[in-house]
S.K.: 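Take this structure first; my questions come after.
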Amino acid sequence: MERFATVTGIAVPMLWANVDTDMIIPVQRLVGSGRQGLGQYGFERFRLDPDGSDNSDFPLNQPAFRGAPILLAGENFGCGSSREGAVWTLMDMGLRCVIAPSFGDIFHNNCFQNGLLPVRLPFDLIRRIAAAMEEGPGNARVSVDLEQQVVVTPWGEAVPFSVDARKREALLSGLDEIAQTLQRAEEIAAWQARDQAMRGWAWDGVALG
Amino acid sequence: MARTLFDKIWDTHVVAELGEGWALLHIDRVLLHDLSGARALSEVAELGHALARPELVFATPDHAVSTAPGRTGETFAGGARTLAGLRKRAAETGIRLYDLGQPGNGIVHVMAPELAIVLPGLTLVCGDSHTCTNGGVGALAFGIGASELTHVLATQTLMQRRPRNMRIRFEGSLPPGVTAKDMILHAIGRYGTAAGTGFAVEYAGSAVRALPLEARLTLCNLSIELGAKMGLVAPDETTFDFIAGREFAPRARAWDAALADWHALPSDAEAHFDLDHRIEASGVAPQVTWGTSPEQVVAVTEAVPPPRNPGDRAALDYMGLEAGRPIAGTKVDWVFIGSCTNSRLSDLRDAAAVLGERRVAPGVTAWVVPGSETVKREAEAEGLHRRFLEAGFEWREPGCSLCVAANGEAVPAGARSVSTSNRNFVGRQGTGARTHLASPAMAAAAALAGVITDVREWP
């Protein structure tokens, strides 16, 4: 996975509740796609008008917020489908961090697998950061420091956030989880041998001829 | 110490405790569909790994395949390469693949219980959020992303943080015309789409125990719409009767051993739930969603509620609805009976029973997409397909179809659909499509009436 340590930049407010992964990337764009190049389709049903031109009301289309590396979001961001393409899309759009009061479970996991940092902060604070961004377009900045576990607001306040210690380490080091798990190959084999003895019924019926 | 059904399955599968609630869990079964599966098999190969246990991996194409009568893997050209990739990788790795037209093919969460790939007490994953469906047999089943799926295929394990326990008890008896779909939509409406985040949800109570197995799958299917990756129902005689004799069910002495283990699975009487909800089953009415999130739902007897926030207003605008107007009577253009929520034989029987000898209202396009090849064949053996065809429905081949619209099939922009699927998200059934989620019986009634209607008025 990609490492994450800090990011500083514009934070784009999009404070809708229940933004689902279908909204982030329609499934049709993921049929036969790779992990790269999905950013052009990000939020396309909202970003584009029916004639294909940019919808100027959409936050990510506003000149002041273009290229923002941080997204300010509402409750339950990334709910719905397990498609990891949602994370690949956000990263391809240049985002490195999403700040929301809560996240869909599967999306939250998928973020860590790719080096997109999901940060949980109270919604009131997110709203205040959003207001500061809108008041000072072009000037206001937000910093997110995973090492120190703080978000620095546009008004300079360092707000601590909590993050799972295991996931934090993995992001800071860019860990390869498969390689890490394969170091436990003997433990896994021992578990399977024990389980086959105890729960033969879970294994016998599916053995390959 | 007293434990829940969830606790027991989790504890059995811990290969290593990793601290702070994390564990390396053994995964007993992996399901692959064409979209997530073909990609994951390729990634495992590209990373230079072998499949850890090919005998535990089962594949079926369902998402990006046409469901038109007479379809082949090439009918939907956009999915043809993905399907070819799945076939090639399945042959290379030796995993079981249930291809189009074969018994066993179908929507991945329909075929897994149908073949008894999933059994009580097992862990099962799939790169699909509706994997929670499989919890209806008393398994720990959950959806994962692409990277986690690659990890499972390469190691047969997954690092997971232990979720907390939630229970939703439905006590009493369901009124006539009310189904498992209405129970779970009602719960989502009451608690919200984020209520289950970080929880494994056990559905319990007398109304759940009274549900047939297929209805329990429907109940668990929408756990993810409650925010929970995992939903479960304790296995009981209903479960064991359903499983016995199926393709991968244990046999002879293995069956006896399995039964002994399965009888020990239900939550202990003193088990602790971090959240414990109770719903009176007699108070649940047929449900229909009005908005673009499953929590935006009302009883069919109610009016579209007034908006409480900008999200509600945006949903009303997208759906072309007016607050305060009864939801019943809203004109319908499309009806879709299908998806991993409601495409099993019992769902088709429910819908066909509502139709009787009546015909679909003029101007309504109505589809039935059976959940699997076996469901399709069994329905045809009963003559259900004739009932649908004579009523004016299309009778199609198995697949996900209009639930996710990944296969070139879509509800047109602006058209209003009553759908037995699980997501009414913006654009889910097609760009600009307006989706109302409901039960198969409610969908059949809407097809007859040409408007959203209370199925209890269609005897």
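Chain letters run A, B, ... following the sequence lines, proteins first and then strands; every chain starts at 1. Worth knowing before you read on, the calculation uses all heavy atoms, side chains too, and leaves out hydrogens, waters and symmetry mates. Just so we're clear, the structure is a prediction, and the values are computed from it rather than from any experiment.
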S.K.: Give, as side chain, backbone, both or neither, the part of B/His63 having an atom under 4.5 angstrom from any heavy atom of chain A.
M.R.: neither

S.K.: Can you tell which part of A/Ser33 gets under 4.5 Å to a heavy atom of chain B, answering side chain, backbone, both or neither?
M.R.: both

S.K.: Of the listed residues (B/Ala254, B/Gly145, B/Ser36), which shares the most heavy-atom pairs with chain A below a 4.5 Å separation?
M.R.: B/Gly145

S.K.: Do B/Pro250 and A/Arg199 come within less than 4.5 Å of each other through their side chains, counting heavy atoms only?
M.R.: no

S.K.: When rounded to the nearest 0.5 angstrom, what is the spacing between CD in A/Glu177 and OG1 in B/Thr155?
M.R.: 10.0 Å

S.K.: For A/Trp201, is it the side chain, the backbone, both, or neither that has a heavy atom closer than 4.5 Å to a heavy atom of chain B?
M.R.: both

S.K.: Between A/Ser82 and B/Asp128, do the side chains contain a donor N or O and an acceptor N or O under 3.5 Å apart?
M.R.: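 Per modelled atom types, B/Asp128 and A/Ser82 side chains form no pair under 3.5 Å.
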
S.K.: Work out which heavy atom in B/Thr12 is nearest to a heavy atom in A/Trp191; give both atom names and the distance.
M.R.: O-CZ2, 3.2 Å

S.K.: What part of A/Ala202 is in contact with chain B, defined as an atom under 4.5 angstrom from a non-hydrogen atom: side chain, backbone, both or neither?
M.R.: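 Both parts, heavy atoms under 4.5 Å.
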
S.K.: If the contact rule is any heavy atom under 4.5 Å from chain B, which residues of residues 88-102 of chain A qualify, in numerical order?
M.R.: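 Residues A/Trp88 are the ones that qualify, each having a heavy atom under 4.5 Å from chain B.
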
S.K.: Checking heavy atoms, do the side chain of B/Gln156, its backbone, both or neither come under 4.5 Å from chain A?
M.R.: side chain

S.K.: With a 4.5 angstrom heavy-atom cut-off, is it the side chain or the backbone of B/Glu43 that approaches chain A, or both, or neither?
M.R.: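 Side chain of B/Glu43 only, per the 4.5 Å heavy-atom cut-off to chain A.
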
S.K.: Do B/Glu148 and A/Glu84 make a side-chain contact, defined as non-hydrogen atoms from C-beta onward lying under 4.5 Å apart?
M.R.: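 No; the side chains remain at least 4.5 Å from each other.
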
S.K.: Does any heavy atom of chain A fall under 4.5 Å from the side chain of B/Leu35, the backbone, both, or neither of them?
M.R.: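 For B/Leu35, the side chain is the part near chain A, not the backbone.
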
S.K.: Looking only at side-chain N and O atoms, does B/Trp22 offer a donor or acceptor that is under 3.5 Å from a partner on A/Asp164?
M.R.: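 Indeed, the side chains of A/Asp164 and B/Trp22 share at least one donor-acceptor pair under 3.5 Å.
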
S.K.: Nearest 0.5 Å, please: how far is SG in A/Cys79 from CZ in B/Arg423?
M.R.: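 Between B/Arg423 CZ and A/Cys79 SG, I get 8.0 Å after rounding to 0.5 Å.
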
S.K.: Is B/Thr150 in contact with chain A via its backbone, its side chain, both, or neither, using a 4.5 Å heavy-atom distance?
M.R.: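 For B/Thr150, the contact with chain A is made by backbone and side chain together.
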
S.K.: Over all heavy atoms of both residues, which pair between A/Gly32 and B/Arg81 is shortest? Give the atoms and the distance, please.
M.R.: O-NH2, 4.2 Å

S.K.: So B/Val15 and A/Gln192, side-chain contact (heavy atoms from CB on, under 4.5 Å) or not? Walk me through it.
M.R.: CA-CA 9 Å; B/Val15 174; A/Gln192 290 176 334; over 6 Å; no

S.K.: Which atoms of B/Arg96 are under 4.5 Å from chain A, going by heavy atoms: the side chain, the backbone, both sets, or neither?
M.R.: side chain

S.K.: Name the region of B/Ala314, side chain, backbone, both or neither, that has any atom closer than 4.5 Å to a heavy atom of chain A.
M.R.: neither

S.K.: Which atoms of A/Arg194 come close to chain B, meaning under 4.5 Å heavy atom to heavy atom: side chain ones, backbone ones, both, or neither?
M.R.: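 Contact with chain B: none, neither part.
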
S.K.: Given that the side chain runs from C-beta out, which part of A/Glu187 has a heavy atom under 4.5 Å from chain B: side chain, backbone, both or neither?
M.R.: both

S.K.: Using a 4.5 Å cut-off on heavy atoms from C-beta on, say whether the side chain of A/Asp20 contacts that of B/Thr193.
M.R.: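 Contact flag for B/Thr193/A/Asp20 side chains = no.
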
S.K.: Please report the closest heavy-atom contact between A/Arg35 and B/Ser147, naming both atoms and the distance.
M.R.: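 So the minimum-distance heavy-atom pair works out to NH2-OG, 3.6 Å.
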
S.K.: Quick one: do B/Thr431 and A/Gln28 satisfy side-chain contact (heavy atoms from CB on, under 4.5 Å)? Show the steps, please.
M.R.: CA-CA 10 Å; B/Thr431 300; A/Gln28 295 83 357; 5.9 Å; no

S.K.: How many angstroms lie between CD1 in A/Ile188 and CZ in B/Arg53, if you round to the nearest 0.5 Å?
M.R.: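 Rounded to the nearest 0.5 Å, the CD1-CZ separation comes out at 11.0 Å.
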
S.K.: Contact between A/Val206 and B/Arg29 at the side-chain level, heavy atoms closer than 4.5 Å - yes or no?
M.R.: yes

S.K.: Less than 4.5 Å to any heavy atom of chain A: does that hold for the side chain of B/Leu47, its backbone, both, or neither?
M.R.: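 The side chain, not the backbone.
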
S.K.: Only pairs of heavy atoms separated by less than 4.5 Å count here; which of B/Thr131, B/Asn309, B/Ile144, B/Thr292 has the most with chain A?
M.R.: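 Going by pairs under 4.5 Å, I would pick B/Ile144.
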
S.K.: Non-hydrogen atoms of chain A under 4.5 Å away: do they reach the side chain of B/Arg251, the backbone, both or neither?
M.R.: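 Answer is neither: B/Arg251 stays 4.5 Å or more from chain A.
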
S.K.: Against chain A, label B/Phe142 side chain, backbone, both or neither, depending on which of its atoms sit under 4.5 Å from a heavy atom there.
M.R.: neither

S.K.: Checking heavy atoms, do the side chain of A/Glu75, its backbone, both or neither come under 4.5 Å from chain B?
M.R.: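 The answer is neither part of A/Glu75.
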
S.K.: Determine the minimum heavy-atom distance between B/Ser129 and A/Ser81, stating which atoms define it.
M.R.: OG-CA, 3.6 Å

S.K.: Using non-hydrogen atoms only, which part of A/Arg83 is less than 4.5 Å away from chain B: side chain, backbone, both, or neither?
M.R.: side chain

S.K.: How many angstroms lie between atom CG of A/Leu182 and atom NE2 of B/His151, to the nearest 0.5 angstrom?
M.R.: 7.0 Å

S.K.: Taking the side chain as every heavy atom from C-beta outward, state whether B/Glu295 and A/Asn18 have any atom pair closer than 4.5 Å.
M.R.: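 With C-beta onward as the side chain, the pair touches.
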
S.K.: To the nearest 0.5 Å, how far apart are CZ in A/Arg45 and CZ in B/Arg428?
M.R.: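 Reported to 0.5 Å precision, the distance equals 10.0 Å.
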
S.K.: Using heavy-atom distances under 4.5 Å, tell me whether B/Ala64 contacts chain A through its side chain, its backbone, both, or neither.
M.R.: side chain

S.K.: What part of B/Ile95 gets closer than 4.5 Å to chain A, counting heavy atoms only: side chain, backbone, both or neither?
M.R.: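 Neither part.
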
S.K.: Can you pull out the residues in residues 103-111 of chain A with any heavy atom less than 4.5 Å from chain B?
M.R.: A/Phe103, A/Asp105, A/Ile106, A/Asn109, A/Asn110

S.K.: Below 4.5 Å, heavy atoms only, C-beta onward: do B/Glu20 and A/Arg166 meet side chain to side chain?
M.R.: no

S.K.: Is any side-chain heavy atom of B/His26 closer than 4.5 Å to a side-chain heavy atom of A/Asp195?
M.R.: no

S.K.: Let me confirm one number: the CG-OG distance from A/Asn76 to B/Ser293, rounded to the nearest 0.5 Å.
M.R.: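 Between atom CG of A/Asn76 and atom OG of B/Ser293 there are 8.0 Å.
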
S.K.: Could you tell me which of B/Gly227, B/Gly21, B/Ala52, B/Ala194 has the largest number of non-hydrogen atom pairs under 4.5 Å with chain A?
M.R.: B/Ala194

S.K.: Taking side chain as everything from C-beta outward and backbone as N, CA, C, O, which of these in B/Pro163 sits under 4.5 Å from a heavy atom of chain A? Side chain, backbone, both or neither.
M.R.: neither

S.K.: Provide the closest heavy-atom pair for A/Val31 versus B/Gly79 in the form atom of the first, atom of the second, distance.
M.R.: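 Taking A/Val31 first and B/Gly79 second, the nearest heavy atoms are CG1-CA, 4.1 Å.
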
S.K.: Under a 4.5 Å cut-off applied to non-hydrogen side-chain atoms, are A/Lys167 and B/Met159 in contact?
M.R.: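 Contact flag for A/Lys167/B/Met159 side chains = no.
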
